[in-house]
Protein chains: 2
Amino acid sequence: MSDYFRNTVMKKLSNGDFDCTKEFTVSMFSGKHKLLILWILINDGPQGFSYFMKNLKGISKKVLSNQLNELMADQIVSKREYLTGKVKHTEYQLTDIGETLIPIIVALNDWGENRLKQVTLVKIFNNDL
Amino acid sequence: MSDYFRNTVMKKLSNGDFDCTKEFTVSMFSGKHKLLILWILINDGPQGFSYFMKNLKGISKKVLSNQLNELMADQIVSKREYLTGKVKHTEYQLTDIGETLIPIIVALNDWGENRLKQVTLVKIFNNDL
DNA sequence: CTGAATCCCATTAGATACTG
DNA sequence: CAGTATCTAATGGGATTCAG
């Protein structure tokens with residue numbers, strides 16, 4: 001998604017401008033579906049392309065492909081390919097680097113769940129629902 | 001930036017579709033500058049509009065305004081206004097909810113710093129630099 | 001089945017001008 | 001100083017097509 005942003009950060013790094021830690025960090029996660037992709041890998045283990053297509057409702061092949069490629073470029077996810085007859089299958093999994101993200105993603109998800117609970121409770125209380 | 005995405009999530013919630021925790025969480029952070037804004041608030045304390053303009057290089061007033069408004073809508077940040085003569089000043093600060101994010105943001109930033117270190121070391125080693 | 005390439009439209013960012 | 005409104009340019013997403 002944020003190819004442009006990612007490239008900008010990469011260029012900065014190439015130019016020796018290391019004063020962009022935050023931008024770098026953001027560039028790792030920008031992408032509407034990356035958190036979901038990682039969440040799936042964390043909870044369901046290694047999965048193929050179609051598994052993500054089924055479980056990320058509303059995502060297109062192109063976008064999924066892009067996000068997976070970015071995650072691979074960032075060495076957070078790796079891919080394995082194999083053939084069943086003439087049919088290509090893939091398996092994506094977290095790299096060692098990717099696994100260092102697990103506690104953060106879990107914390108993020110916990111935060112989101114709690115926050116969502118608060119939000120919906122307030123809504124119900126106010127009869128906005 | 002992701003007004004559209006945010007609105008989509010909010011609509012889902014209003015429709016009683018609570019099966020979107022991840023989308024909700026993502027919607028809290030999507031925004032190229034939000035992490036930076038929060039980082040500034042965490043480290044430098046409450047700040048005015050112009051402080052962000054100075055420290056988020058390349059951001060426009062409009063985008064900053066949008067991101068701050070979204071953070072306020074999500075109750076992560078709050079605003080205080082006051083006048084000095086006829087000149088309006090503002091002060092943005094983390095809310096109680098926003099403060100619950102501190103450990104996560106710190107962890108995220110640590111991760112990014114370490115990762116960046118690895119990346120640049122590899123680059124130097126390979127003479128890509 | 002996986003996924004890259006293309007075309008097209010929706011959305012977002014930036015610049016500028018204007019207000020309290 | 002702190003924004004909002006508006007207009008335009010740049011970017012991203014979706015559907016389709018094609019190939020390995």
Side-chain angles (χ1 to χ4, degrees), chain A residues 1-11 23 26-27 29-37 40-41 46-73 77-93, chain B residues 1-11 23 26-27 29-37 40-41 46-73 77-93:
Chain A
M1 67 154 285
S2 51
D3 281 342
Y4 174 74
F5 182 50
R6 285 170 52 79
N7 291 337
T8 305
V9 173
M10 292 313 165
K11 266 180 205 156
E23 284 100 321
V26 172
S27 77
F29 296 96
S30 55
K32 216 163 75 178
H33 304 277
K34 281 187 188 173
L35 195 62
L36 286 287
I37 290 172
I40 286 175
L41 289 175
Q47 299 296 341
F49 193 84
S50 55
Y51 188 85
F52 294 106
M53 286 299 291
K54 278 177 210 142
N55 289 279
L56 304 175
K57 36 184 179 179
I59 198 172
S60 69
K61 291 164 95 172
K62 184 178 114 182
V63 175
L64 175 57
S65 181
N66 284 348
Q67 307 250 317
L68 286 170
N69 284 336
E70 288 183 8
L71 287 168
M72 286 192 288
V77 162
S78 64
K79 175 166 75 166
R80 192 170 72 83
E81 298 187 351
Y82 58 96
L83 292 174
T84 304
K86 287 201 172 181
V87 179
K88 186 163 123 189
H89 291 263
T90 54
E91 192 174 77
Y92 293 89
Q93 64 177 314
Chain B
M1 66 158 283
S2 51
D3 281 342
Y4 174 74
F5 182 50
R6 286 170 50 80
N7 290 337
T8 304
V9 174
M10 292 313 165
K11 267 180 204 157
E23 283 101 321
V26 172
S27 77
F29 296 96
S30 56
K32 219 162 74 179
H33 305 277
K34 281 187 187 173
L35 194 61
L36 285 286
I37 290 173
I40 286 175
L41 289 175
Q47 298 296 342
F49 193 86
S50 56
Y51 188 85
F52 294 105
M53 286 299 291
K54 277 177 210 140
N55 289 279
L56 305 175
K57 36 184 178 177
I59 198 171
S60 67
K61 288 167 99 172
K62 186 178 111 182
V63 174
L64 175 57
S65 180
N66 284 347
Q67 307 251 316
L68 286 170
N69 284 336
E70 287 183 8
L71 286 168
M72 285 192 288
V77 162
S78 64
K79 175 167 76 167
R80 193 170 72 81
E81 299 185 351
Y82 59 96
L83 291 175
T84 304
K86 287 200 172 182
V87 179
K88 186 164 124 191
H89 291 263
T90 54
E91 192 174 78
Y92 292 88
Q93 64 178 312

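Chain letters run A, B, ... following the sequence lines, proteins first, then strands; residues in each count from 1. These numbers come from the heavy atoms of this one structure, side chains and all, not from hydrogens, waters or symmetry mates.
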>> Rounded to whole Å, please give me the gap between CG in A:Leu64 and C1' in C:dG3.
In response: 9 Å
>> What's B:Phe52 touching, base or sugar-phosphate or nothing? Going by heavy atoms closer than 4.0 Å.
In response: nothing
> Would you say the base of D:dG3 and the side-chain of B:Lys61 have a donor-acceptor pair closer than 3.5 Å?
Replying inline: yes
>> Categorize A:Lys62 for me: base, sugar-phosphate, or nothing, with a 4.0 angstrom heavy-atom threshold over every strand shown.
In response: base
> To the nearest angstrom, how far is A:Leu83 atom CG from C:dG3 atom C1'?
Replying inline: 14 Å
> What's the CG-C1' distance between B:Asn66 and C:dG14, to the nearest Å?
Replying inline: 12 Å
> Rounded to the nearest Å, what distance is computed from the CD atom of residue B:Gln67 to the P atom of nucleotide C:dT12?
Replying inline: 11 Å
> What is the distance, rounded to the nearest whole Å, between atom NZ of B:Lys34 and atom P of C:dT12?
Replying inline: 11 Å
>> For a quick check of understanding: with a heavy-atom distance under 4.0 Å over all strands, which category does B:Tyr92 fall into, base, sugar-phosphate or nothing?
In response: sugar-phosphate
> What integer distance in Å separates A:Ile59:CD1 from D:dG12:P?
Replying inline: 15 Å
> Within the structure shown, what part of the strands sits under 4.0 Å from A:Gly58 by heavy-atom distance: base, sugar-phosphate, or nothing?
Replying inline: sugar-phosphate
>> Please report the distance, rounded to the nearest Å, between CZ in B:Arg6 and C1' in C:dT11.
In response: 15 Å
>> For a 4.5 angstrom cut-off between non-hydrogen side-chain atoms, does B:Lys79 reach B:Leu68?
In response: no
